[in-house]
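First the structure, in the form of structure tokens, and then the observations on it.
Just follow the structure's listing: the first ligand is 1, and inside any ligand the first atom is 1.
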Amino acid sequence: MHANSAPITFTITRPDDWHLHVRDGAALQTVVPHTAAQFARALIMPNLKPPVTSTTQALAYRERIRAAAAAAGHSAFEPLMTLYLTDQLPPDEILRAQEAGIVGVKLYPAGATTNSDAGVTDMRKTYATLEAMQRVGMPLLVHGEVTSPDIDLFDREAVFIDTQLIPLRRDFPSLKVVFEHITTREAAQYVQEAQGAIAASITAHHLLYNRNAIFTGGIRPHYYCLPVLKREIHRQALVDAATKGSPRFFLGTDSAPHATHLKEHASGCAGCYTAHAAVELYASAFEAAQALDKLEAFASFHGPDFYGLPRNTGQITLRRESWTPPHSYAFADTSLKPLAGGEMLHWRIA
Ligand code: NCD
Ligand code: ZN
């Protein structure tokens with residue numbers, strides 16, 4: 001659809017967010033309502049401090065998220081929970097997780113990103129647990145970056161595919177794998193062409209921005225996330241992957257709130273906050289690619305189909321309307337700066 005011929009309103013099946021950070025405690029009150037206003041369900045990342053490594057912890061965390069949603073009038077919102085893979089996560093925890101409806105287990109290579117200190121140091125140490133996951137059909141959600149300081153930061157995803165992901169999938173050919181928040185042409189191509197049960201989530205910010213955004217007119221910490229924004233050719237490859245209609249690609253915002261003073265810092269935290277306008281940001285990206293008609297499948301069908309969950313039955317309507325998200329939200333006892341805060345957007349959820 002061309003900008004000129006774009007419709008005034010646009011209705012799609014209510015979407016889900018397949019990769020979301022909501023933190024804990026008072027922070028939930030700011031961020032959970034933003035997500036719950038748009039999405040029916042969200043897959044909640046387990047990288048709390050300490051990480052969510054047991055079914056018991058995940059179920060308690062789910063109750064805190066549900067309470068924050070309900071307090072804002074969104075009692076139908078469904079947090080889908082994940083466990084954090086460590087070198088020690090025992091195989092029988094996978095069975096408990098499966099029975100309790102935990103949806104996936106997240107692999108953070110140790111040191112790869114925010115709160116990944118407890119992550120995996122050597123994939124071999126997790127093989128008995130991966131074996132159990134493969135047996136029961138529990139998906140492995142992968143932060144796909146190597147952590148070696150010898151590897152250039154911008155190459156860490158591509159190197160991960162060759163040195164970690166391909167060997168891992170050779171050893172566990174029927175393990176379901178989601179390559180989370182992909183950022184490169186190499187990752188999009190691998191996911192498109194690989195054999196077996198693999199899919200990838202793509203963020204709105206990696207569809208909208210390339211790495212220049214981090215350095216425009218000075219260093220801009222609110223565009224810093226991991227995996228870091230890449231060159232324009234990679235952004236274009238992600239747009240192609242998202243808008244072609246392939247069922248292997250779906251929406252995952254990776255909305256990752258950090259207090260303003262920890263982003264605007266000598267050693268600023270990685271993570272972009274997009275939950276306040278998530279669907280609107282994706283709509284901008286799809287519209288720019290003249291592919292608004294592909295948004296619904298990407299946002300609402302491919303994710304549940306891959307995870308083996310029912311598609312949602314409700315709907316949301318986007319209206320063509322110019323509006324400006326605020327520069328900042330209250331966030332526990334600090335503040336939170338959203339991506340595109342103070343900038344005009346052209347779609348708004350009705
Ligand atoms: C995430 C966070 O802040 O928890 N940060 C980010 O830059 N995306 C962690 C992650 O998903 O890598
Ligand atoms: Zn994330």
Side-chain angles (χ1 to χ4, degrees), residues 16-25 27-28 30-32 34-35 39 42-52 61 65 79-85 103-120 139-147 153-154 156-157 160 164 178-184 187 199-209 211 213-214 220-230 238 250-265 267-275 278 281 303 331-332 334 336-339:
D16 302 304
D17 183 350
W18 295 98
H19 185 120
L20 179 67
H21 302 269
V22 293
R23 316 305 184 202
D24 206 350
L28 295 175
T30 300
V31 301
V32 172
H34 287 166
T35 291
F39 297 99
L43 190 61
I44 307 298
M45 292 298 118
N47 62 332
L48 301 182
K49 274 192 214 165
V52 180
Y61 184 31
I65 298 166
L80 303 173
M81 306 311 291
T82 59
L83 295 188
Y84 185 114
L85 186 63
V103 169
V105 174
K106 181 71 193 274
L107 162 64
Y108 291 101
T113 187
T114 305
N115 298 346
S116 64
D117 305 347
V120 171
L140 179 70
L141 318 179
V142 177
H143 182 109
E145 288 192 287
V146 293
T147 55
L153 181 82
F154 291 94
R156 287 181 183 176
E157 185 173 279
F160 182 89
Q164 306 286 317
V178 182
F179 198 160
E180 301 285 307
H181 45 50
I182 59 168
T183 64
T184 57
S201 56
I202 306 180
T203 78
H205 44 290
H206 288 93
L207 294 175
L208 287 167
Y209 307 111
R211 65 191 193 180
I214 311 168
R220 297 205 180 205
H222 296 283
Y223 291 93
Y224 172 58
C225 65
L226 288 170
V228 74
L229 293 170
K230 303 294 192 299
L238 299 175
F250 46 75
L251 185 157
T253 62
D254 195 19
S255 178
H258 291 277
T260 303
H261 67 282
L262 298 177
K263 294 283 297 171
E264 298 172 4
H265 187 277
S267 161
C269 293
C272 297
Y273 186 71
T274 55
L281 291 168
F331 183 58
T334 63
L336 168 64
K337 285 198 184 163
L339 212 65

Please confirm whether the backbone N or O of L20 pairs with a side-chain atom of T253, one donor and one acceptor, at under 3.5 Å?
no
Within-shell test, H181 vs ligand 1, heavy atom, strictly < 4.0 Å
yes
Could you pull out the atom name of the N/O/S atom in D254 that is nearest the Zn ion (ligand 2)?
OD1
Where does R23 meet ligand 1, judged by heavy-atom distances below 4.0 Å: at the side chain, the backbone, both, or neither?
side chain
Counting N and O atoms only, with roles assigned by atom type, does the side chain of H258 sit under 3.5 Å from a partner on the main chain of A270, one being a donor and the other an acceptor?
yes
What class does the angle between the rings of Y223 and Y209 fall in, given that below 30° is parallel, 30 to 60° is tilted and above 60° is perpendicular?
perpendicular
Point-to-point distance, once rounded to the nearest 0.5 Å, from CD1 of I65 to CE of M81:
4.0 Å
Mark yes or no for whether N47, through its side chain, and T114, through its backbone, hold a donor-acceptor pair below 3.5 Å.
yes
Test your reading of the model: is there a side-chain donor-acceptor pair from Y84 to the backbone of G119, 3.5 Å cut-off?
yes
For ligand 1, is there an N or O atom under 3.5 Å from any N or O atom of H21?
yes
So if I count the atoms of ligand 1 from 1 in the order they appear, which ones are less than 4.0 Å from some heavy atom of A256?
1 (C), 2 (C), 3 (O), 5 (N)
Using 0.5 Å steps for rounding, measure from the CD1 atom of I214 to the CG atom of L229.
4.5 Å
N/O/S atom of E180 under 2.8 Å from the Zn ion (ligand 2), yes or no?
no
Using atom types as modelled and distance alone, determine if a side-chain donor or acceptor of K230 lies under 3.5 Å from a backbone N or O of V228.
yes
Looking only at non-hydrogen atoms, the one of V22, T113, T253 nearest atom 12 (O) of ligand 1 is T113
For atom 7 (O) of ligand 1, what's the nearest protein heavy atom and its distance?
L226 N, 2.8 Å
For ligand 1 and N47, I'd like to know whether there is a polar contact (N/O to N/O, distance under 3.5 Å).
yes
Between the side chain of T334 and the main-chain N/O of F331, is any donor-acceptor distance below 3.5 Å?
yes
When you measure from the side chain of E157 to the backbone N and O of T183, does any donor-acceptor pair fall under 3.5 Å?
yes
Hey, does Y108 come in under 3.5 Å of ligand 1, counting only N/O atoms on both sides?
no
Distance filter under 4.0 Å to T114 heavy atoms, resulting ligand 1 atoms
2 (C), 3 (O), 4 (O), 5 (N)
Shortest protein heavy-atom distance from atom 8 (N) of ligand 1, along with the residue and atom involved:
D254 OD2, 2.7 Å
Examine the proximity of ligand 1 to H143 and report which part, side chain or backbone, both or neither, has a heavy atom under 4.0 Å away.
side chain
Could you confirm whether H21 has any N/O/S atom lying under 2.8 Å from the Zn ion (ligand 2)?
yes
Say whether, by atom type as modelled, one donor and one acceptor occur between the side chain of H21 and the main chain of R23 under 3.5 angstrom.
no
Do any of the N, O or S atoms of H181 sit under 2.8 Å from the Zn ion (ligand 2)?
no
Indicate yes or no for a side-chain donor-acceptor contact from S201 to the backbone of G252 under 3.5 Å, with no hydrogens or angles considered.
no
Polar contacts were defined as any N/O atom of the residue lying under 3.5 Å from an N/O atom of the ligand; does this apply to C272 and ligand 1?
no
Against heavy atoms of C225, which atoms of ligand 1 measure under 4.0 Å?
7 (O)
Mark the output for H19 as yes if a heavy-atom distance to ligand 1 is under 4.0 Å, and as no if none is.
yes
Please determine if G271 has a nitrogen or oxygen closer than 3.5 Å to a nitrogen or oxygen of ligand 1.
yes
Do A270 and ligand 1 have an N or O pair less than 3.5 Å apart?
yes
If only atom types and distance count, is the side chain of K263 paired as donor or acceptor with the main-chain N or O of P221 below 3.5 Å?
yes
For ligand 1, is there an atom lying under 4.0 Å from some heavy atom of N115?
no
